[in-house]
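When a residue number appears, it is its place in the shown sequence, counting from 1. Both counts, for ligands and for their atoms, begin at 1 and track the order of listing.
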Amino acid sequence: MCGIVGYLGNRDAFPILIKGLKRLEYRGYDSAGIGLIAPSGSLNIYKKTGKVNQLEAYVANQNTAAHIGIGHSRWATHGIPSDSNAHPHTSESGRLAMVHNGIIENYAALKSELLARGHHFASETDSEVLIHLIEEIQQNEGCSLAEAVRLSLSQIIGAYAIVLINKANPTEMVAARKGSPLVIGVGENEFFIGSDASPLIEYTKNVIYLNDLEVAHITQGQLNIKSIDNNVRTPKIQELELKLEAIEKGGYDYFMSKEIHEQPRSIKDCMRGRIYPEQGLVTLGGLKEYSEKLKQAERLVFVACGTSWHAALVGEYLIEDFARTSVEVEYASEFRYRNPIIGEKDIVIAISQSGETADTLAAMTLAKERGATVLGICNVVGSSIPRLSDAGIYTHAGPEIGVASTKAFTAQVTVLTLFALYLSQLKGTLKQGKLIELLTELDHIPELVERCLQLDAGTRFIAEEIKNSRNCIFLGRGTGFPIALEGALKLKEISYIHAEGYPAAEMKHGPIALIDEDMPVVVIATKNSSYDKVISNIQEVKARKGKVIAIVTEGDEEVRKLADFVLEIPNADDTFLPLLASIPLQLLSYHTALLRGCNVDQPRNLAKSVTVE
Ligand code: F6R
């Protein structure tokens with residue numbers, strides 16, 4: 001939530017910052033701003049409500065000459081999206097400017113103290129309070145800016161990634177983080193800053209991931225890092241593996257479309273080097289050290305949010321079925337405040353695309369404090385969740401930029417399928433023949449996903465039929481249930497049609513009251529053990545004139561006779577239903593949203609990386 005960028009060096013800072021903000025816009029897009037120190041010494045700040053290109057248009061004829069600057073793309077928490085609430089914010093004297101991602105929880109108390117001491121505020125934000133505090137501490141202590149930042153942060157409760165510039169010293173920049181991500185790109189006598197590595201990728205491959213509670217003092221050609229408790233840290237430079245093509249649209253109109261169509265490749269990447277079908281073997285190198293503990297574990301607890309929580313539910317079905325280990329799936333936000341029963345014997349597994357979700361991180365921290373082993377399933381390499389995990393598995397889906405999760409979800413489901421089979425292998429709960437059979441089929445899933453993508457035209461046709469609906473119900477049984485939840489989430493978040501997912505059999509316990517001729521009901525009705533039961537549920541919907549859109553197995557005749565529309569997916573073992581059935585649901589949401597004129601990549605009120613609770 002919120003994207004921040006910074007540059008200090010010999011190049012023209014403005015184009016680097018604007019391009020960087022465009023890359024980070026998925027993190028927040030209600031307003032944007034930029035702060036530059038001109039060679040003349042003036043601090044020029046430009047801020048605008050709306051997207052980064054609105055800021056760019058606004059700045060077009062202004063003075064943007066600078067070799068140092070900071071930028072911000074906002075997702076509002078404190079104060080409405082407005083020019084004045086946009087970042088950067090400045091200190092009382094106007095000498096310092098700062099961008100911030102996170103939440104200062106004790107800002108109200110700090111603000112009233114600062115007001116009492118004569119400070120004036122130009123915004124309703126929590127962030128502005130921090131920059132005023134920093135300047136005051138610097139003036140009172142007579143210390144360096146980096147030192148003032150360090151001292152101020154010890155008074156802050158909350159989360160932050162901040163970058164500051166100082167009009168009085170146009171060759172210094174200070175950055176710090178706690179709970180919100182920050183990457184520093186190291187070039188030749190120049191430094192780049194980003195909330196992730198995408199703004200720096202074309203300038204340098206050498207990056208430093210700042211750790212929580214660290215302050216970086218950057219001057220031309222020099223970088224020093226200290227912890228908040230005043231210990232000098234040695235910066236660890238890592239080589240970036242990210243490629244530029246991975247963060248560009250590559251000929252697609254939208255990132256979401258690109259990411260949906262990338263799934264055969266992303267699922268393959270996720271399995272690469274991890275399955276050996278002929279031997280019936282799964283290897284998950286990252287978990288090797290914990291294999292005995294996993295084998296002995298009586299239960300596993302998943303913590304996640306949103307789409308990642310749906311993936312965890314799929315994992316629950318597969319793990320309990322194959323490995324016979326009990327699984328609990330928890331919303332991270334509830335788990336962290338519920339005083340859960342967790343101890344040393346437990347294994348808590350966090351699932352996250354971004355690796356930065358505040359609630360998931362807090363749930364992991366709580367589990368660690370109670371002595372549990374904490375594993376992570378994550379997409380973004382080097383992000384906070386893998387760093388907090390004792391061990392884990394990367395999903396290798398590549399950067400996901402569309403706000404609605406698509407390829408990251410199927411990669412999570414692939415990892416969880418591998419994990420369920422790995423655990424069954426450790427525990428000996430599946431016969432070798434069965435493992436060989438399942439892994440052989442899994443190896444071919446990318447080809448079947450490719451065939452599901454051919455449903456593009458079919459889903460567009462159905463989207464025309466449902467685009468004016470106000471509500472929509474999604475039904476499924478077994479692993480079809482989490483897929484129904486995910487289908488409903490996808491539709492509501494990008495098309496703004498109210499949608500709910502239910503276990504098909506639950507319909508008659510309430511939601512059936514909603515069904516009439518205006519209610520589209522999407523049913524996952526593939527040929528599996530619950531097929532006959534789902535057919536009965538479809539009959540119940542039809543008896544009340546609901547409009548049925550059924551996801552069926554290729555060649556199905558029975559559901560075709562009942563449903564208004566069918567979308568056929570290839571026949572496969574039940575285990576792989578989630579990977580295949582998700583595809584037409586993603587396409588259906590995508591086309592419905594486009595037909596309703598919605599921005600599928602940046603749906604309203606959302607942000608890709610939820611770094612606030
Ligand atoms: C929906 C979506 C969100 C995320 C949720 C958790 O399409 O993307 O529901 O799944 O915000 O995010 P991560 O997985 O980054 O922890």
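For ligand 1, none of its N or O atoms has an N or O atom of T360 under 3.5 Å away.
Protein heavy atom nearest atom 16 (O) of ligand 1, with residue, atom name and distance: T357 OG1, 2.4 Å. The protein heavy-atom contact nearest to atom 3 (C) of ligand 1 is T307 N, 4.0 Å. Of the protein's non-hydrogen atoms, the one nearest atom 14 (O) of ligand 1 is S308 OG, 2.5 Å. Closest to atom 11 (O) of ligand 1 among all protein heavy atoms lies V610 CG2, 3.8 Å. Among all non-hydrogen protein atoms, the one lying nearest atom 5 (C) of ligand 1 is C305 O, 3.7 Å. Scanning the protein for heavy atoms near atom 8 (O) of ligand 1, the closest one is S405 CB, 3.4 Å. At the top of the distance list for atom 15 (O) of ligand 1, counting protein heavy atoms only, stands S354 OG, 2.6 Å. For atom 7 (O) of ligand 1, the nearest non-hydrogen atom of the protein is E493 OE2, 2.5 Å.
Residues that satisfy the side chain to side chain contact (heavy atoms under 4.5 Å, CB included) test with V449, not counting sequence neighbours, are Q263, P264, I267, I445, L580, I583. For S405, the side chain to side chain donor-acceptor pair (under 3.5 Å) partners two or more places apart in sequence, or in a different chain, are E400.
Under a 3.5 Å cut-off, the side chain of S495 and the backbone N or O of K492 do not form any donor-acceptor pair.
Checked for salt-bridge contact, D269 and R265 meet the test: a charged N lies under 4.0 Å from a carboxylate O. Electrostatic pairing of E25 and K51 does not count as a salt bridge here, judged by no charged N lying under 4.0 Å from a carboxylate O. With salt bridges taken as basic N to acidic carboxylate O contacts below 4.0 Å, none links R27 and E356.
Counting the atoms of ligand 1 from 1 in the order shown, those under 4.0 Å from a heavy atom of V403 are 8 (O). Using a 4.0 Å cut-off to heavy atoms of A404, the atoms of ligand 1 that qualify are 7 (O).
Side chain to side chain, K288 and T283 fail the donor-acceptor criterion of an N or O pair below 3.5 Å. With 3.5 Å as the limit, one finds no donor-acceptor pair spanning the side chains of H78 and N85.
Heavy atoms of K490 approach ligand 1 to within less than 4.0 angstrom.
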